[in-house]
Amino acid sequence: VKINGKCGLIDKTGEVVIDFKYDETFEFSEGLANFRIGDEKTGKWGYIDKTGKVMIEAQFDKAFTFSDGLACIRVGDYKNGKYGYIDKTGKIAINPIYTAAYFFFDGLACVSTSPPALNGGLKDSKWQYIDKAGKLVIARGSDYFADFYKGLASVSYGGVATYIDKTGKVVWTASAN
């Protein structure tokens, strides 16, 4: 909830549980909520617990919610920054080497090392999958990112909609049906 330009958190009854002192906050995930102090360009992100105690100091240029025990973070600005992952203590679990990265689901995360487009976008990126140790497990690059859900991810190879399993094996292709 935002009041007078500052974010705080309320419970289901509307009671304030986290004071209105952050410039941006997101929902709790795995017991922590990410927050930003400062503006979008120069502010820093960290994490609080459900009591409002800062568990991970504001130090990242961008920080996302936790999923599968890790949170995606960015070091550097939107156009040139690199993405990696931290654990719940704030320790870097996977070094920030990716031009784009998404949440872990089913033990895998979709990442890209493709250079960003001139406008900073990801139009021509190729997406691959890493495990929670940072090991590349699916090297074939998809045309767009997709999370795994119940062991499958909906990807695109050469513009063809395809489902792959967690080993990267194609289990269904639109052109085959």
When you measure from the side chain of K166 to the backbone N and O of D106, does any donor-acceptor pair fall under 3.5 Å?
yes

- [ ] For side chain to side chain contact (heavy atoms under 4.5 Å, CB included), just list the numbers for I18 and T25, CA-CA rounded to whole Å, side-chain angles, deciding distance to a tenth of an Å, and then say yes or no.
- [x] CA-CA 10 Å; I18 308 291; T25 59; over 6 Å; no

Is there a side-chain contact between I92 and I73 (heavy atoms, below 4.5 Å)?
yes

Exercise for review: May I ask you to decide if D68's main-chain N or O and E30's side chain share a donor-acceptor pair within less than 3.5 Å?
Suggested key: yes

K82 meets the side-chain hydrogen bond (donor to acceptor under 3.5 Å, both in side chains) criterion, sequence neighbours left out, with none

Quick one: do F64 and Y98 end up in the same hydrophobic cluster if we chain Ile, Leu, Val, Met, Phe, Trp and Tyr together by side-chain heavy atoms under 4.5 Å apart?
-> yes

One should read off an interatomic distance between L70 CG and T65 OG1, to the nearest 0.5 angstrom, of 12.0 Å

Sequence neighbours excluded, the answer for side-chain hydrogen bond (donor to acceptor under 3.5 Å, both in side chains) partners of K6 is D23

One should read off an interatomic distance between I48 CD1 and D19 CG, to the nearest 0.5 angstrom, of 10.0 Å

By side-chain hydrogen bond (donor to acceptor under 3.5 Å, both in side chains), D87 pairs with (sequence neighbours left out) T89

Ring pair (Phe, Tyr, Trp, His ring centres under 6.0 Å) with F148: of F103, Y129, F105, only one passes, and it is Y129

So ring pair (Phe, Tyr, Trp, His ring centres under 6.0 Å) across residues 41-61, not counting sequence neighbours, yields F26-W45, Y47-F66

Sequence neighbours excluded, the answer for salt bridge (Lys or Arg N to Asp or Glu O under 4.0 Å) partners of R36 is E24, E40

Smallest heavy-atom separation, A101 atom then Y83 atom, equals CB-CB, 3.7 Å

Between the CE atom in M55 and the NZ atom in K53, the distance rounded to the nearest 0.5 Å is 5.0 Å

Rounding to 0.5 Å, atoms CD (Q128) and OG (S112) come to a distance of 7.5 Å

Task: Co-membership, hydrophobic cluster, residues Y85 and V75, 4.5 Å side-chain - done: no

Query - Check: Y22 and L9 side chains under 4.5 Å, non-hydrogen atoms - result: no

N/O donor-acceptor pairs under 3.5 Å from side chains in residues 153-162, not counting sequence neighbours:
| residue | atom | partner | partner atom | Å |
| --- | --- | --- | --- | --- |
| S156 | OG | D143 | OD2 | 3.0 |
| S156 | OG | G159 | N | 3.3 |
| T162 | OG1 | V160 | O | 3.0 |

key: pair I10-E15: side-chain heavy atoms closer than 4.5 Å   = no

d(N34 CG, S29 OG) to nearest 0.5 Å is 8.5 Å

Verify the cluster assignment for Y78 and V111: are they in a single hydrophobic cluster under the rule of side-chain heavy atoms below 4.5 Å apart?
yes

Quick one: does any side-chain atom of S142 pair with a main-chain N or O of W127 as donor and acceptor, under 3.5 Å? no

Review point. With side chains defined as the heavy atoms from C-beta onward, is the minimum distance between F104 and I130 less than 4.5 Å?
Key: yes

* To do: Test side chain to side chain contact (heavy atoms under 4.5 Å, CB included) on V170 and R140 and set out the steps.
  => CA-CA 11 Å; V170 173; R140 185 175 181 187; 4.1 Å; yes

Taken to the nearest 0.5 Å, the spacing of K126 NZ from T99 OG1 works out to 13.0 Å

Might you confirm whether atom CD of Q59 has over 12 heavy atoms from other residues, nucleotides or ligands at distances under 6.0 Å? yes

Under 3.5 Å: donor-acceptor pair, side chain of D11, backbone of T13: yes

**Item:** Any side-chain heavy-atom pair of D131 and L108 under 4.5 Å
**Value:** yes

query = Would F28 end up clustered with I37 when hydrophobic side chains under 4.5 Å apart are linked, directly or stepwise?
reply = yes

Quick check: is V54 connected to L32 through a chain of hydrophobic side chains (ILVMFWY, heavy atoms under 4.5 Å apart)? no

